[in-house]
Amino acid sequence: MSAHRLLTGGLIDRGKPLSFTFDGRRHSGFAGDTLASALLADGVSLMGRSFKYHRPRGVMTAGSAEPNALVTVGGGTRREPNLRATMVELHETLTAVSQNRWPSLATDFGALNDRLSALLSAGFYYKTFMWPSAFWEKLYEPLIRRAAGLGRATLKRDPDAYEKAWAFCDLLVIGAGPAGLMAALTAGRAGLRVILADEDFRLGGWLLSETRLIDGRPAHDFAAILVEELAALPNVTLLPRSTVFGWYDDNVFGAVERVQKHLPIPSDKQPVERIWRIVAKRALMATGAEERPLVFGGNDRPGVMMAGAALTYAARYGVAVGKRVAVVTASDSGRQTAAALARRGVEVVALIDARTASAQASPMPEGARTLTGAHVVDTLGRLSVEGLVTVRAGFEERLDCDAVAMAGGWNPRVHLACQHGAKPVWSDVHQAFLPPDVGPDFQAAGAAAGLSTLAEALGDGVRKATAVVADLGRSAPTVPLPEIDAEEAASGAAASPVWLMPGARSKAFVDFQNDVHAGDLALALREGFGHAEHAKRYTTNAMATDQGKLSGVNASGLLAAMKGLSPAEVGITTYRPFYTPVSFGALAGTARDEEAVPHRLSPLDGWAKAQGAMFVEAGLWHRPAYFPRPGEKDWRASVDREVRTVRAAVGLCDVSTLGKIELFGPDAAEFLNRLYCNPMLRLPVGKARYGLMLREDGMVFDDGTVSRLGHQHYLITTTTAMAAKVMSHLEHAAQVLWPALQVRFASVSEQWAQMSLAGPKARQVLQAVVEDDLSAEAVPPLAAQAVTLRGGLRGRLFRISFSGELAYELAVPAGHGRAVAEAIMAAGRAHGICPYGLEALNVLRIEKGHVTHAELDGRTTPDDVGLGHMLARQKPDFIGKRLSERYGLTAADRGQLVGLVPVDRQRMIRAGAHLLREGAKPSTLNDQGHVTSACYSPTLGHPIALALLKSGRERLGERVLVWDRLHKEEFLAEVVSPVFVDPDNRKIEPKEPA
Amino acid sequence: MRYSALSLLKNALGRNLGWSPVWREPEPKPHYDVVIVGGGGHGLATAYYLAKAFGVTNIAVLEKGYLGSGNVGRNTTIVRSNYLLPGNEPFYEFSMKLWEGLERELNYNVMLSQRGVMILYHSDSERDALIRRGNGMWMEGVEAELVDREGVRRMMPFLNFDHARFPILGGLLQKRGGTARHDAVAWGYARGADRLGVDLIQNCAVTGIRREAGRVVGVETTRGFIGCGRLGLAAAGHSSEVARMADLALPIESHVLQAFVTEGLKPCIDHVIIYGAGHFYISQSDKGGLVFGGEIDGFGSYAQRGNLATAEHVMEEGVAMIPGLSRVKVLRAWGGVMDMSMDGSPIISRTSIDNLYLNAGWCYGGFKATPASGFCFAHLIAKGEPHPAARFFRLDRFERGHLIDEAGAGPQPNLH
Amino acid sequence: MSDLSSLPVAFDWQHPLSAILTSDVRAVDHLEILARPSIARVIAAAGESVAVAAILGGMAGVRAAGPQEWIVLDDDPQAALPARLAERLGSLAFVLDAGDGEVCLRLSGPHCRRILAKGVGLDLHPDVFGLGDGGFVLCHAIRMHLSRTGDNLFEILAPRSYATSLLDALKRMGREFDLSVGLSG
Amino acid sequence: MASLISCPHCGPRPKEEFAVRGDATLLRPAPEASDEAWHAYVYLRANPRGVHVEHWQHVGGCRRFLVVERNTLTHDVLSVADAAEVAQGGAA
Ligand SMILES: Cc1cc2nc3c(=O)[nH]c(=O)nc-3n(C[C@H](O)[C@H](O)[C@H](O)COP(=O)(O)OP(=O)(O)OC[C@H]3O[C@@H](n4cnc5c(N)ncnc54)[C@H](O)[C@@H]3O)c2cc1C
Ligand SMILES: NC(=O)c1ccc[n+]([C@@H]2O[C@H](COP(=O)([O-])OP(=O)(O)OC[C@H]3O[C@@H](n4cnc5c(N)ncnc54)[C@H](O)[C@@H]3O)[C@@H](O)[C@H]2O)c1
Ligand SMILES: Cc1cc2nc3c(=O)[nH]c(=O)nc-3n(C[C@H](O)[C@H](O)[C@H](O)COP(=O)(O)O)c2cc1C
Ligand SMILES: [Zn+2]
């Protein structure tokens with residue numbers, strides 16, 4: 001049996017020994033242990049080093065408030081820093097290492113900082129390192145940064161899975177101590193949908209540490225019976241290992257369940273952690289209370305810990321934290337704990353009570369000396385406590401002990417209830433901050449509500465849950481309260497806390513992890529940082545991984561005492577999520593890597609893959625960029641070929657991703673007329689028209705086509721990227737702006753596969769699959785009509801050209817898309833058809849001076865991009881009409897769309913280059929615009945570009961300097977018309993059939 | 001008291017008992033030449049420069065909470081001057097230059113850390129937009145560098161280069177960009193202003209603006225009426241509320257933006273990294289916490305706290321960019337109330353009321369602007385005319401159509 | 001024209017999920033992919049939603065899809081719902097064929113609520129979301145139509161382009177319960 | 001409220017299903033209204049700290065625009081109604 005393991009007792013399974021390592025050394029413990037309890041059992045008291053001074057530190061708590069015993073667990077890609085040893089469930093093969101020390105935990109060079117601590121006082125870095133200025137970057141900051149942090153993260157890809165889930169309930173009970181268990185039972189028996197969450201792996205809260213009998217049986221048995229009944233109720237969900245970390249709007253709670261963190265090798269069927277978003281009609285905060293440390297000299301030496309924790313180690317884990325334990329207290333609770341420790345077989349050598357004799361006397365453990373009106377001024381020992389120095393009535397005394405249990409009173413765990421901004425309320429009666437009243441939906445129960453005894457906690461759980469049951473319109477069963485043997489007296493008015501034990505001989509710590517001591521708070525006050533929030537920021541008190549669970553209230557109390565105020569007037573710093581830190585992985589859930597956002601696949605995806613497409617992400621879409629052929633040495637070769645094929649023969653391109661919206665109703669025409677800036681009222685049935693939508697501020701919103709399929713039936717297309725936004729825009733117009741208009745519409749994007757067939761041979765190829773007559777007379781430019789394909793399949797045909805060639809867009813029901821595309825390819829083979837992708841599409845449109853998002857970037861007007869003629873100012877109204885008239889949108893020196901051709905035809909123009917007048921010095925003032933799109937034109941045999949140039953349309957023929965400083969390039973280009981190829985649009989309807 | 005290594009040593013020997021308050025806690029006087037509403041970074045910097053550079057000394061800064069309690073104390077501390085549009089770039093570069101001398105100027109270490117700001121790109125169109133931006137920076141004489149994928153990999157090997165959906169193709173680096181210590185900026189300016197005689201009045205909420213004959217004569221506050229010759233508003237997220245006291249409606253909506261910090265880690269991320277495929281930015285504080293943020297929550301809010309859905313979304317993007325963040329734990333989340341303007345760019349401007357000046361519309365990017373904003377606002381208040389670097393930030397630009405819309409999102413603030 | 005329709009159908013129809021691997025064994029929790037249901041979207045003309053609702057009220061396979069909108073579904077691909085409905089409703093409503101634009105999935109089994117809870121922010125307790133209830137919801141950022149068609153039976157309609165992504169998401173959600181997947185028919 | 005919105009058509013739904021459009025009290029001016037009226041409509045916002053009336057669209061659900069009365073300081077939602085019905089003087 002290890003050094004500190006008690007011979008009997010504890011909720012550990014002595015039949016299941018587990019071996020593990022800490023800093024490379026083998027240890028053993030039992031199933032049911034935490035890493036901390038197993039280490040303590042093995043006599044390890046030094047578990048960490050503090051942040052700033054690298055002071056040796058031991059475990060302080062037995063729960064999630066632990067500031068000191070932070071370790072790194074696991075190896076390789078599963079390595080995880082900053083785990084609280086008190087929360088790590090022991091399992092076989094667990095490996096843990098200590099942090100923030102070099103070369104070892106026992107010998108840490110960083111501890112030199114402790115020697116220099118007077119220099120490293122709060123905020124010291126603001127006052128120095130300023131001279132010489134280069135030194136900050138080169139020397140000081142790197143030094144500070146090297147010292148930063150606690151554990152080391154791997155930043156390697158995580159092999160484990162995470163997920164998120166929703167849960168809904170009538171009552172969420174947070175905390176499964178006596179209050180929470182009784183509340184859950186009351187509500188559960190009444191038939192409410194109940195969720196009971198507790199961050200511990202075993203439900204029972206303080207009942208697991210309680211040493212008295214309940215209904216004649218051990219308290220933990222009593223807890224187990226309650227848990228068993230709850231588990232059997234179909235309307236109750238138990239969530240052990242689940243920390244409720246946040247209270248959000250509408251009584252939605254966030255919780256993280258550690259599903260498999262306690263297993264050596266997680267199964268891949270389950271996540272390792274799961275986030276629950278719990279929507280609760282009502283919630284109870286039965287989170288208990290945190291014991292308050294005492295601030296005295298040397299209160300951070302390994303072996304000094306919270307008294308309640310010492311008791312938990314004894315009662316729950318069967319571990320004596322020391323062989324000679326001294327209890328330091330300022331309240332009755334410490335005396336009770338001392339007695340309980342003794343009951344559990346831990347030797348208590350002394351009880352040091354800061355209060356004078358007037359304090360209530362409680363039964364004292366046998367053999368323990370009691371010193372009342374005494375203070376601790378220092379502790380002895382180096383890496384672990386060997387004794388302490390007390391002063392009573394001016395007399396100093398040294399006491400031998402190997403553990404110090406401190407009991408400064410209790411702080412209700414108010415955290416969650418304060419996350420919406422309500423501040424905790426100082427109570428003079430309780431001498432503690434109590435949770436604020438945040439309304440009936442979220443209430444505190446048990447010790448969290450300031451109640452101190454077990455009987456009160458049990459009763460409060462029943463009472464609060466009964467009220468909820470009634471509130472939700474049900475009747476509650478009577479849940480009898482159990483008998484407790486030797487109930488302690490409710491202490492009534494609490495004694496005033498001792499915020500600082502006077503006469504400290506060494507640093508008296510307030511925030512253990514961040515090494516904030518009482519002197520730092522005094523300094524903050526002296527320098528004007530006395531506001532609780534200023535003091536926090538200046539000293540970093542309560543900013544460590546424990547978020548001030550132990551230090552927050554003490555800092556308030558100390559500041560108040562120093563200012564001569566009540567803690568009520570000083571208040572406490574803001575509580576915010578997360579109650580305890582939550583992993584990125586859990587919060588991200590399954591949305592990672594490929595699953596980060598959904599994929600969208602075109603109905604022609606299979607066709608494009610079979611054609612050997614190279615794909616590119618375009619928003620959520622996966623789209624063919626180009627279709628390489630054997631022997632083509634790079635993407636440019638493929639793209640050039642695709643462009644030439646379209647210009648000389650014919651090409652097929654998937655345009656299914658365009659947004660497609662069908663509109664119906666008597667007012668559809670009027671509706672469209674108000675949405676587009678160009679006229680739409682007189683569009684004939686069977687015809688399509690290019691349309692431009694503006695935002696209300698006059699900038700171009702999106703472009704596309706409008707086709708009139710029937711008298712009151714339209715189909716519009718949007719760009720792929722804007723499809724969703726345009727849909728919302730239409731819905732806004734129809735529902736909010738003009739709800740009286742009789743128009744209905746629906747997206748039909750998903751229903752249709754759409755392909756563009758472009759090139760002089762397009763008609764011949766298409767005719768092979770379409771039954772209808774495709775002659776220029778039957779299907780003239782901008783025709784939009786229903787067609788029948790070979791075999792009777794119905795489709796829609798549009799004579800729309802983006803490339804400037806004779807072109808059609810054919811839409812067929814999506815399920816047939818691939819077969820139709822394959823048929824077209826087969827029919828086109830004789831004509832030299834090729835599939836073309838986004839890259840070729842882009843070249844084709846630049847050659848024709850058509851704009852896309854590179855030009856329509858939300859800052860351009862129709863006139864800027866050469867489409868000013870489309871603005872139908874004579875229309876009474878359309879979205880964007882009025883504000884497009886503003887001076888700034890019509891000024892003559894705005895950037896206007898032009899074409900650019902490099903003077904030296906070999907120079908490749910790059911999009912993003914800026915433009916300067918020939919000979920002008922580069923400066924923001926001289927900036928003439930920028931290149932929006934650029935490509936090599938296979939049709940012309942040299943690079944071309946589109947640009948927005950100040951007053952550009954007046955400057956055709958001028959030479960401008962293309963200035964690409966990022967690539968250290970500058971050269972001249974000639975300003976030309978943006979339409980490079982076939983400016984008279986002769987190719988749309990070739991005179992001779994090709 | 002001047003700060004230096006020597007003073008630190010001297011005081012250490014005196015057990016640090018010799019330090020004196022960094023600012024006085026004066027009672028408000030009945031009248032000041034200039035009253036600034038808002039003890040955030042911009043208000044404090046304005047007061048400092050008014051006193052230091054423009055010879056105005058009878059100044060008060062009125063702050064409803066504690067100094068620095070607003071957005072200056074809750075931002076992700078990124079400073080950079082890599083803006084896209086000519087209306088913005090010169091101003092932010094002016095600010096960058098002031099940052100570079102700030103420690104000496106204030107005798108206060110604001111811990112400016114020019115560790116480099118990298119904006120990543122994931123597609124050709126994003127690359128082109130960054131090239132445009134980088135060249136625009138060079139136009140203003142600001143150094144920028146386009147780094148290719150391998151270059152980025154050398155600097156930040158932990159990024160997700162193999163993401164099949166949003167592969168990292170490269171980035172635009174501004175080496176002079178970086179971070180500064182948020183609180184220190186507020187405290188440094190406060191200390192500097194206080195030493196020049198400015199009255200910093202905390203716990204003093206402005207509740208009304210008193211006007212006579214079309215001019216402001218003073219403000220009603222929770223500490224009584226305070227008269228003033230000129231009034232400057234620098235209330236950030238609360239600008240609309242304060243301006244309403246003078247019957248002004250502003251082109252501003254207040255939105256909540258969340259920020260987050262992880263547990264302390266040994267140094268692992270050496271730069272400021274901005275994820276182009278989403279909306280995520282991260283850097284590591286000198287204490288070791290990873291400080292990061294994402295998009296605004298999207299709805300109007302004065303609550304200084306956000307919601308879980310947005311937080312989860314931020315984490316999703318974080319893990320998409322750096323898969324290894326998965327096992328890193330997030331310590332704390334908080335929110336700030338931001339003054340989102342209708343084109344996403346700031347306002348430093350006169351108003352329709354003669355002696356009332358406005359500094360607002362900083363969106364989620366005003367921390368880096370603090371020095372220049374203070375300087376330019378002081379210039380405007382003292383001289384009555386705009387500083388050249390801020391001449392485009394006029395309130396009437398919306399009416400006139402001279403918008404400075406970096407995102408191209410139009411007049412819907414939650415899209416900026 | 002009429003003689004054209006008698007020609008053999010030349011263009012194959014393909015389900016967007018036809019390439020997926022179906023499970024070897026059918027587990028207690030199962031996701032069935034409908035082979036080719038007939039699906040119509042019905043949008044009431046202005047002012048006619050009451051009349052349309054009355055007509056649709058008596059029909060099987062009708063799912064509410066928001067104010068003035070319905071989705072009607074029949075497992076039989078030959079049902080030709082769009083044409084039949086267009087005829088029945090005349091000028092009261094606009095009817096669109098959605099048979100190619102939507103995929104239909106049926107989730108059944110004792111754990112289907114727990115599976116859906118991993119993606120859908122909707123209380124699916126039968127007291128809250130009862131038989132016949134339905135609506136559009138987001139599931140892993142995909143907008144889908146969910147309805148309850150039995151005690152432990154839910155029906156999902158999702159846009160074709162998202163089908164693969166949604167199926168992946170559902171498989172992940174069901175992994176814990178060994179959810180099996182299969183094509184119907 | 002911002003974790004959930006109770007859509008009058010779909011019931012309580014998570015915030016992610018909605019997109020916020022902004023101030024719902026603004027009415028689009030008549031085409032011939034003054035420049036000031038148009039500027040105010042497009043650019044000026046009351047932006048109150050307290051009760052605010054906004055448009056939220058249920059994009060992930062029924063796709064209706066809703067008029068949401070909400071407190072911007074506490075995030076409490078006071079009422080939700082269909083925007084078209086409100087605009088047409090129906091249920092408000
Ligand atoms: C989460 C978050 C992250 C950000 N990240 C960055 C970043 O990385 N880089 C960057 O450049 N910017 C960032 N910003 C933006 C930046 O913080 C702000 O733009 C900037 O701080 C605003 O200026 P300020 O400092 O003067 O504001 P504030 O500090 O908010 O100052 C305004 C002050 O006015 C006071 N006030 C308001 N009303 C009254 C009244 N009636 N009477 C008296 N006083 C009043 C307030 O209490 C407040 O102290 C971020 C903002 C947030 C919220
Ligand atoms: N003066 C005191 O307050 C005092 C002193 C000593 C002992 N006690 C004892 O404490 C008990 C009080 O009972 P109780 O039920 O109120 O509290 P409890 O301490 O028994 O139970 C609280 C439970 O809440 C859990 N918890 C806390 N925060 C959580 C979170 N965010 N998420 C999930 N779980 C969380 C804890 O793990 C714990 O199990 C009584 O037995 C009483 O005798 C009280
Ligand atoms: C850059 C930066 C770093 C921060 N680092 C920490 C930290 O390490 N620990 C911590 O508890 N809070 C940290 N905070 C958050 C503050 O505690 C606080 O939440 C934030 O400033 C907002 O103030 P409030 O929460 O009091 O409203 C940090 C804040 C900022 C802006
Ligand atoms: Zn809805």
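Quick note: numbers below take in every heavy atom, side chains included, and nothing from hydrogens, waters or symmetry partners.
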Neighbour count above 12 (heavy atom, 6.0 Å) for D773(A) CG = yes
Give, as side chain, backbone, both or neither, the part of A167(A) having an atom under 4.5 angstrom from any heavy atom of chain C.
-> neither
Indicate yes or no: at least one non-hydrogen side-chain atom of S161(C) is less than 4.5 angstrom from one of W621(A).
-> yes
Counting heavy-atom pairs under 4.5 Å to chain A, which of G119(C), A45(C), S91(C), A117(C) comes out on top?
-> A117(C)
Residue from G121(C), A141(C), P16(C) scoring the most non-hydrogen pairs under 4.5 Å with chain A is G121(C)
Q270(A) backbone acceptor or donor facing E176(C) side chain under 3.5 Å | no
What part of P666(A) gets closer than 4.5 Å to chain C, counting heavy atoms only: side chain, backbone, both or neither?
-> neither
Side chain, backbone, both or neither of L793(A) within contact of chain C (heavy atoms, under 4.5 Å) | side chain
Does D123(C) reach the side chain of R193(A), with side-chain heavy atoms less than 4.5 Å apart?
-> yes
Take atom CZ of R143(C) as the centre, draw a 6.0 Å sphere, and report whether it contains more than 12 heavy atoms from other residues, nucleotides or ligands.
-> yes
Toward chain C, the part of S747(A) with a non-hydrogen atom under 4.5 Å = backbone
With chain C, which of V279(A), V597(A), L620(A), D268(A) has the greatest number of heavy-atom pairs at distances under 4.5 Å?
-> D268(A)
Nearest heavy-atom pair of D100(C) and A814(A): which atoms, and what distance?
-> OD2-N, 3.3 Å
May I ask you to decide if the ring planes of F94(C) and F664(A) are parallel, tilted or perpendicular, using 30° and 60° as cut-offs?
-> parallel
Side chain, backbone, both or neither of R277(A) within contact of chain C (heavy atoms, under 4.5 Å) | neither
Part of D97(C) lying under 4.5 Å from any heavy atom of chain A = both
Nearest 0.5 Å please: distance from the CD atom of Q14(C) over to the CZ atom of R818(A).
-> 5.5 Å
So how far is it from R175(C) CZ to S267(A) OG, rounded to the nearest 0.5 Å?
-> 8.0 Å
What part of L166(C) gets closer than 4.5 Å to chain A, counting heavy atoms only: side chain, backbone, both or neither?
-> neither
Using non-hydrogen atoms and a 4.5 Å limit, figure out which bit of R114(C) sits close to chain A: side chain, backbone, both or neither.
-> neither
Just wondering, are more than 12 heavy atoms of other shown residues or ligands nearer than 6.0 Å to NZ in K171(C)?
-> yes
Heavy-atom check, side chain of T164(C) versus side chain of H599(A), under 4.5 Å = no
Check the surroundings of atom CG in D127(C): do more than 12 heavy atoms from other residues, nucleotides or ligands lie under 6.0 Å from it?
-> yes
Between A44(C) and R744(A), what is the shortest heavy-atom contact and its length?
-> O-NE, 2.8 Å
Considering residues, nucleotides and ligands other than K609(A), do more than 12 of their heavy atoms fall under 6.0 Å from its NZ?
-> yes
Which bit of V128(C) is near chain A, if near means a heavy-atom gap under 4.5 Å: side chain, backbone, both or neither?
-> side chain
Minimum heavy-atom separation for Q751(A) to G101(C), with atom names?
-> OE1-N, 2.8 Å
Just wondering, do L96(C) and E662(A) contact through their side chains at under 4.5 Å, heavy atoms?
-> yes
Heavy-atom distance under 4.5 Å between the side chains of V812(A) and F11(C), does that happen here?
-> no
Looking at A169(C), G99(C), A163(C), S165(C), which has the largest count of heavy-atom pairs under 4.5 Å with chain A?
-> S165(C)
Using a 4.5 Å cut-off on heavy atoms from C-beta on, say whether the side chain of H140(C) contacts that of E595(A).
-> no
Assert top hit (heavy-atom pairs under 4.5 Å, partner chain C, pool A165(A), G815(A), A746(A)) equals G815(A)
